[in-house]
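Down below is the structure, laid out as structure tokens.
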There are 2 protein chains.
Amino acid sequence: MITPDKKVLLPKHDISVLVAVLNYFHPLPEGIVSFLQQHTVPMRFGKKKMLVKAGAMCEYIYFIQSGAVRGFSKEDGKELTTWITLEHEMVSSITSLDIHEPCIENIQAIEDCVILAISFENLEKLYQKFPEFNIVGRKLLQKYYRDAEVRAYIARLTKAENKYRYFLKVHPGMANRIPLKYIASYLAITQETLSRVRKNL
Amino acid sequence: MITPDKKVLLPKHDISVLVAVLNYFHPLPEGIVSFLQQHTVPMRFGKKKMLVKAGAMCEYIYFIQSGAVRGFSKEDGKELTTWITLEHEMVSSITSLDIHEPCIENIQAIEDCVILAISFENLEKLYQKFPEFNIVGRKLLQKYYRDAEVRAYIARLTKAENKYRYFLKVHPGMANRIPLKYIASYLAITQETLSRVRKNL
DNA sequence: AAAATTATTTGACTATTCTCAATAATTTTA
DNA sequence: TAAAATTATTGAGAATAGTCAAATAATTTT
């Protein structure tokens, strides 16, 4: 009888897309790749499930392998969608990540999602064990900071039509995929207004 | 006659506040401090002078020693202020910094400013010579990303009064210092509306 | 396939903010 | 210090987007 090598039989989840994305920012040494293989946790979130709730501590940074996710907060009980993110991007609560405080925002799956999660604890270890990973982190943040600037710009536009036009330009893949109500809330207009804007093309 | 030691006579500009701020994010080894001493350029910008113009390449990251600065872009010829920054913070064009493209935004002094500038070229050298500085860069970006999220949130609020209330909470030092028209534009409302909001406290 | 749920559209009306114009206050410059 | 320039306030009417209610369409569940 053969005693199989357990290591070989361990079902390894697929981190190749994550690695490819990170590699794009800065070449990853082998050690980091196997660290990620060991310390990422595959997760699934059904449509509308919450990844993170405002007021709670967020413990993970999430890499979306497939699906769509949004962040939202509230104004007078009304939801304000602050970002929408598709597959191959990362999401998390920057407040929890940066200063270890409970997050201000909710994070919710808009579609069924397949996700890889890394705990902040392991992320911290990653930075310590592989100082080079700080370069990756820095460049990732530079990119996400640029995205945040774009969001702030859109929200500041005054005409609903201008907002939607700009949205179409920046997120062409979202218009026919993300429910209108989330897009409306992202643009800080009502869904009725967005519906009318769309009709007038 | 004495031939003075040139090194000693070189007037060193004061980088102590910059060092203190960076040090707060991550302890700076001595080598980085002297690099900064050598590669920062003191500059002054009078009120309303432009640090950076949209469409041009931005070449520097600026540390504001004193004064106030804003970033703005345009919608139908109208200015949209996207951020306002006071002394002891950094400003730059994230687009130019991250992907070496001409910047989308204008950056303008709101008050007379004393500034320390570091060229992107030297910043890049800093990252290369002192890999540890990537930690500083990463943490700085985490902080600025949080700020960007707050900006995006404010702009998405629907009532002018709510925007101003939130602004007061987040930037208590600005209300009595920054001209109303810039605050209005930052909140994505007209100055007339902000003036009325203020009257109704 | 039908029922139930959820999402989107439409209409009528309302509230808020914008626009334009004029005036007042403040700051800067000559 | 007076004049000029800039910034802030106020009023009236117009435009835009919001609210509420209902109908329709699309999607999901049974």
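A note on names: the letters A, B, ... follow the listed sequences, proteins ahead of strands, and every chain is numbered from 1.
- Note on Lys163(B): nothing from the nucleic acid sits closer than 4.0 angstrom, heavy atoms only.
- For the pair Arg151(A) and Tyr186(A), the cation-pi test (distance below 6.0 Å, angle within 45°) is failed.
- Between the side chains of Asn200(A) and Glu161(A), no donor-acceptor pair is found at a separation under 3.5 Å.
- Residues Lys48(B) and Thr158(B) both approach DNA chain D. Their nearest nucleotides, taken by heavy-atom distance, put Lys48(B) toward the 5′ side.
- Distance, Leu194(B) CG to dT10(D) P: 12 Å, rounded to whole Å.
- Rounded to a whole Å, the CD1 atom of Ile183(B) is 15 Å from the C1' atom of dT9(D).
- Between Glu105(B) and Thr82(B), the side chains place a donor N or O and an acceptor N or O closer than 3.5 Å (distance only, hydrogens not considered).
- With a 6.0 Å cutoff to the six-membered ring centre and a 45° limit on the axis angle, Arg156(A) does not count as a cation-pi contact of Tyr153(A).
- In terms of position on DNA chain C, the residue among Ala188(B) and Lys47(A) whose nearest nucleotide sits closer to the 5' end is Lys47(A).
- Taking a pair to require two hydrogen-bonding distances under 3.5 Å in either a Watson-Crick or a G-U wobble arrangement, dA25(C) pairs with dT6(D).
- With a heavy-atom cut-off of 4.0 Å to chain A, the contacted part of DNA chain C has its first and last nucleotide at dT6(C) to dA12(C).
- Within 6.0 Å of CD on Glu121(B) lie no more than 12 heavy atoms contributed by other residues, nucleotides or ligands.
- Arg44(A) CZ: 12 or fewer foreign heavy atoms inside a 6.0 Å radius.
- Side-chain polar atoms of Gln142(B) and Arg146(B) form no donor-acceptor pair below 3.5 angstrom.
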Nucleotide N/O of nucleotides 19-21 of chain D paired with protein N/O under 3.5 Å:
residue : atom : partner   : partner atom : Å
dT19(D) : OP1  : Lys78(A)  : NZ           : 3.4
dC20(D) : N4   : Glu192(A) : OE2          : 3.1

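- Pair assignment for dA17(D): dT14(C), on the basis of Watson-Crick or G-U wobble contacts that are both within less than 3.5 Å.
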Worksheet item: Could you walk me through whether Tyr127(B) and Phe133(B) pass the ring-ring contact (aromatic ring centres under 6.0 Å, His included) check?
Response: CA-CA 6 Å; Tyr127(B) 283 130; Phe133(B) 197 72; 5.5 Å; yes
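- Distance Ile189(B) CD1 to dT16(D) C1': 16 Å, rounded to the nearest Å.
- Classified by interplanar angle (parallel below 30°, tilted 30° to 60°, perpendicular above 60°), the ring pair Tyr62(A)/Tyr60(A) is tilted.
- The nearest heavy atom of DNA chain C to Lys181(A) and to Val197(B) marks one nucleotide each, and the one closer to the 5' end goes with Lys181(A).
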